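What follows is a single structure, written as structure tokens, with notes after it.
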Amino acid sequence: LELLIRIAVRAGMPIVLQTGVVPEEAGAHVMRAKTYRGPARGSKLADRARKALIEAASKLTPEQRLNAMLEQSQLVSQLYLAGKTAQHAREPNASASQ
């Protein structure tokens with residue numbers, strides 16, 4: 001899925017990322033050309049940052065790309081676990097009531 005998202009973004013296709021309560025609800029969808037009207041807001045700062053990011057990413061070696069992907073995956077995993085821990089702390093202890 002990640003590879004397909006990267007391809008769509010590099011091709012300039014307008015995509016919508018959807019999250020859900022469970023992983024099965026998550027997805028990425030390409031918008032139809034008829035309904036896509038361009039970015040909601042134009043931002044010169046965002047455009048410059050995006051171009052700089054693409055330029056910097058294109059200069060990475062395959063090993064650097066792999067390391068960046070590994071680091072990003074680890075950070076996302078940490079965020080996920082922190083969310084699960086916080087959610088578990090908010091829920092009443094089901095095993096104590098039985």
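Fair warning: this is a prediction, and the values are worked out from it, not measured in the lab.
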Practice prompt. Give a yes or no on whether a salt bridge exists between E55 and K51, defined as a side-chain N under 4.0 angstrom from a carboxylate O.
Written response: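 Looking at K51 together with E55, the answer is no, because their closest N to O distance does not fall below 4.0 Å.
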Worksheet item: So, K44 and D47, do they make that salt bridge, N to O below 4.0 Å?
Response: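 Salt bridge absent between K44 and D47.
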Discussion item. Please report the interatomic distance OG1(T85) to CZ(R90), rounded to the nearest 0.5 Å.
Written reply: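 These two atoms lie 10.5 Å from each other.
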Discussion item. Ignoring hydrogens, what is the shortest heavy-atom contact between M69 and R6? Give both atom names and the distance.
Written reply: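 Minimum heavy-atom contact is CE-NH2, 3.3 Å.
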Discussion item. Pair R48, L45 - check side chain to side chain contact (heavy atoms under 4.5 Å, CB included), show working.
Written reply: CA-CA 5 Å; R48 285 194 303 261; L45 178 63; 3.9 Å; yes
Discussion item. Could you walk me through whether K84 and Q87 satisfy the side chain to side chain contact (heavy atoms under 4.5 Å, CB included) test, starting with their C-alpha distance in whole Å, then the side-chain angles of each, then the deciding distance to 0.1 Å, before giving a yes or no?
Written reply: CA-CA 5 Å; K84 283 292 191 184; Q87 182 181 17; 3.9 Å; yes
Worksheet item: Taking it one step at a time, do L66 and L70 satisfy side chain to side chain contact (heavy atoms under 4.5 Å, CB included)?
Response: CA-CA 6 Å; L66 185 60; L70 174 63; 5.8 Å; no
